[in-house]
2 protein chains.
Amino acid sequence: MELAEARLKFIETWGKLGSEWGINRTMAQVHALLLISPEALTTEDVMGTLSISRGNANMTLRDLINWGLVEKQHKAGERKEYFFADKDAWNIARQVARERKKRELDPMMKVLSELSQVRGDDKDANYKTFKTSVTDISKLAANVNKTLDTMIKAEENWFWGSIFKLFK
Amino acid sequence: MELAEARLKFIETWGKLGSEWGINRTMAQVHALLLISPEALTTEDVMGTLSISRGNANMTLRDLINWGLVEKQHKAGERKEYFFADKDAWNIARQVARERKKRELDPMMKVLSELSQVRGDDKDANYKTFKTSVTDISKLAANVNKTLDTMIKAEENWFWGSIFKLFK
DNA sequence: TTAAACTTTCAAAAATAAATGAAAGTATTT
DNA sequence: AAATACTTTCATTTATTTTTGAAAGTTTAA
């Protein structure tokens, strides 16, 4: 397979994965493009390579910056903005974990803990099942939360090291 | 908060979480309803409680069965089919992990390993960056894969036990 | 066999999410 | 201060996903 073809396939695959996990496909594709670009790219580069509009490119790049996956760069003597992605897979994984925890897990745990406060009659099967399911899921969420916190704080060698050994 | 209100909120929250993670919101809501229902429900129960059409209820329940989260039940002397969800949070987590691994991670790893075969000129920055990014992500994916395999095989006390201790 | 009870299908409609692109905004240079 | 170079916004359009519901299919019972 030629490099050019492989690059397109990588962009397509990363985009598909993103869309399966609730991330805008174009955003994942722009990220993929930046991941395989040795130099920072301009908005026009992104527009051209992926055939997307200026507005879309602009908003997508901003989202990627908000996700902490991409940063703006300025080149001396130039007015144009350049965009560059962190290429470190472990950093990317941690950053995605951090954002999704903040955006989704934390709010959900808040709701679950409210819901687990609900009072009722222990002889009511509906109440008992509700209570048990919510409490159980709460506990699981708390464990996931703790694991993510550890992952987020961890050094690069944590994943490649201790977990790897634990599960070999 | 009243139980009735709490049940609705749980269904809504579970549905929202699902849609954020690329799972049809209605499917997550039906799952939520079954999770807090002590008895198995009929298609009509689901249609009525969630105000969805017969076709939607039927397809969604089938999907949940295909995900291994719900099973059909038959009551003696009745022709109607009943649906019942496994309520164990750890089983649910493992089952979701198993399915998403099969549906998404495994195919992606296959593509990544093809892509990491691509040959090129080591002096070409595009080639070098591509190779490094793809190889790195491949390795991360392989680790995630291994971790999921362990999780899928693990007993209930694995999560509540060793991981919990490791990260306390 | 045929009617009744129930389930499944799928083309069309509705709802939702994403993309466009021209206009407005901002900063820099002449 | 006006032209230039570039970025951002957002109402509208387009694409994608989800839902509907009537018709077809299936199973059981009379």
Side-chain angles (χ1 to χ4, degrees), chain A residues 11-34 40-67 69-84 100 103-104, chain B residues 11-12 14-34 40-67 70-84 100 103-104:
Chain A
I11 290 168
E12 181 198 310
T13 302
W14 203 241
K16 182 152 167 271
L17 184 74
S19 72
E20 286 165 343
W21 285 83
I23 283 157
N24 182 310
R25 192 176 77 248
T26 300
M27 176 168 145
Q29 287 180 338
V30 171
H31 186 223
L33 172 61
L34 291 173
L41 302 183
T42 64
T43 300
E44 307 238 337
D45 292 334
V46 172
M47 289 165 60
T49 308
L50 302 179
S51 304
I52 62 176
S53 70
R54 184 174 300 284
N56 196 7
N58 181 272
M59 294 182 87
T60 297
L61 286 163
R62 181 170 49 195
D63 280 350
L64 283 166
I65 289 169
N66 289 338
W67 273 75
L69 296 171
V70 164
E71 59 181 36
K72 273 189 191 176
Q73 280 187 356
H74 290 277
K75 299 206 175 176
E78 286 203 55
R79 283 176 66 178
K80 264 204 284 279
E81 293 177 331
Y82 288 78
F83 300 89
F84 186 79
R100 298 207 82 153
R103 293 170 191 221
E104 292 146 22
Chain B
I11 290 168
E12 181 198 311
W14 203 241
K16 183 155 169 269
L17 184 75
S19 72
E20 286 165 343
W21 285 83
I23 284 157
N24 182 311
R25 193 177 73 248
T26 299
M27 175 168 146
Q29 286 180 338
V30 172
H31 186 223
L33 172 61
L34 291 173
L41 302 183
T42 64
T43 301
E44 306 238 339
D45 293 333
V46 171
M47 288 165 62
T49 308
L50 301 179
S51 305
I52 62 175
S53 71
R54 184 174 301 283
N56 196 5
N58 182 273
M59 294 182 88
T60 297
L61 286 164
R62 179 170 53 194
D63 280 350
L64 282 166
I65 289 169
N66 289 337
W67 273 75
V70 165
E71 60 182 34
K72 274 190 192 177
Q73 281 188 355
H74 290 277
K75 298 205 175 176
E78 287 201 54
R79 283 178 65 180
K80 263 203 285 279
E81 292 178 332
Y82 287 78
F83 299 89
F84 186 79
R100 297 207 81 154
R103 293 169 191 222
E104 292 146 22

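Proteins get letters first, then strands, A, B, ... in listed order; numbering begins at 1 in each.
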**Request:** Taking only the side-chain nitrogens and oxygens of N58(B), find out if one of them lies under 4.0 Å from OP1 or OP2 of dG21(D).
**Result:** no
**Message:** What's the separation between atom CE in M59(B) and atom CG in N24(B), rounded to the nearest 0.5 Å?
**Reply:** 10.5 Å
**Request:** Measure the spacing between OG1 of T60(A) and CZ of F83(A) and express it to the nearest 0.5 Å.
**Result:** 11.0 Å
**Item:** From dT18(D), dT8(C), dT16(C), nucleotide with atom closest to R25(B) side chain
**Value:** dT16(C)
**Request:** May I ask you to test the L64(B)-V30(B) pair for a side-chain heavy-atom distance under 4.5 Å?
**Result:** yes
**Message:** For the CG atom of D63(B) and the CE atom of M27(B), what is their distance to the nearest 0.5 Å?
**Reply:** 5.5 Å
**Request:** Figure out the CE/C1' separation between M47(A) and dT20(C), and round it to whole Å.
**Result:** 10 Å
**Fill in**
From CZ of R54(A) across to C1' of dT9(D) the rounded distance in Å is 13 Å
**Message:** How many whole angstroms separate atom OH of Y82(A) from atom C1' of dA5(D)?
**Reply:** 13 Å
**Message:** Counting only side-chain heavy atoms from C-beta out, which of dT9(D), dT7(D), dA19(C) sits nearest to R62(A)?
**Reply:** dT9(D)
**Item:** Atom pair distance, as rounded to whole Å: CG in D63(A) and P in dA17(C)
**Value:** 15 Å
**Asked** Around atom CZ of R100(A), are there more than 12 heavy atoms of other residues, nucleotides or ligands at under 6.0 Å?
**Response** yes
**Prompt:** Can you find a pair of side-chain heavy atoms, one from E104(A) and one from W21(B), that are under 4.5 Å apart?
**Reply:** yes
**Item:** Nucleotide dA11(C), atom C1' - distance to CE of M59(B) in whole Å
**Value:** 12 Å
**Message:** Measuring from the side chain of K72(B) (C-beta onward, heavy atoms only), which nucleotide among dT20(D), dA18(C), dT8(C) has the closest atom?
**Reply:** dT8(C)
**Request:** Specify the residue among I52(B) and E44(A) whose closest nucleotide of DNA chain D lies further upstream toward the 5′ end.
**Result:** E44(A)
**Request:** Round to the nearest Å and state the distance from N24(A) atom CG to dT17(D) atom P.
**Result:** 11 Å
Report all interatomic pairs (protein N or O, nucleotide N or O of nucleotides 2-6 of chain C) with separations under 3.5 Å.
residue : atom : partner : partner atom : Å
dA5(C)  : O4'  : R79(B)  : NH1          : 3.4
dA5(C)  : N3   : R79(B)  : NH2          : 2.8

**Prompt:** Nearest of dG21(C), dT18(D), dT20(D) to any side-chain atom of S53(A)?
**Reply:** dG21(C)
**Message:** Classify N56(A) by what it touches in the nucleic acid, base, sugar-phosphate, or nothing, heavy-atom distance under 4.0 Å.
**Reply:** base
**Item:** Point-to-point distance, once rounded to the nearest 0.5 Å, from CD of Q73(B) to CG of L41(B)
**Value:** 10.0 Å
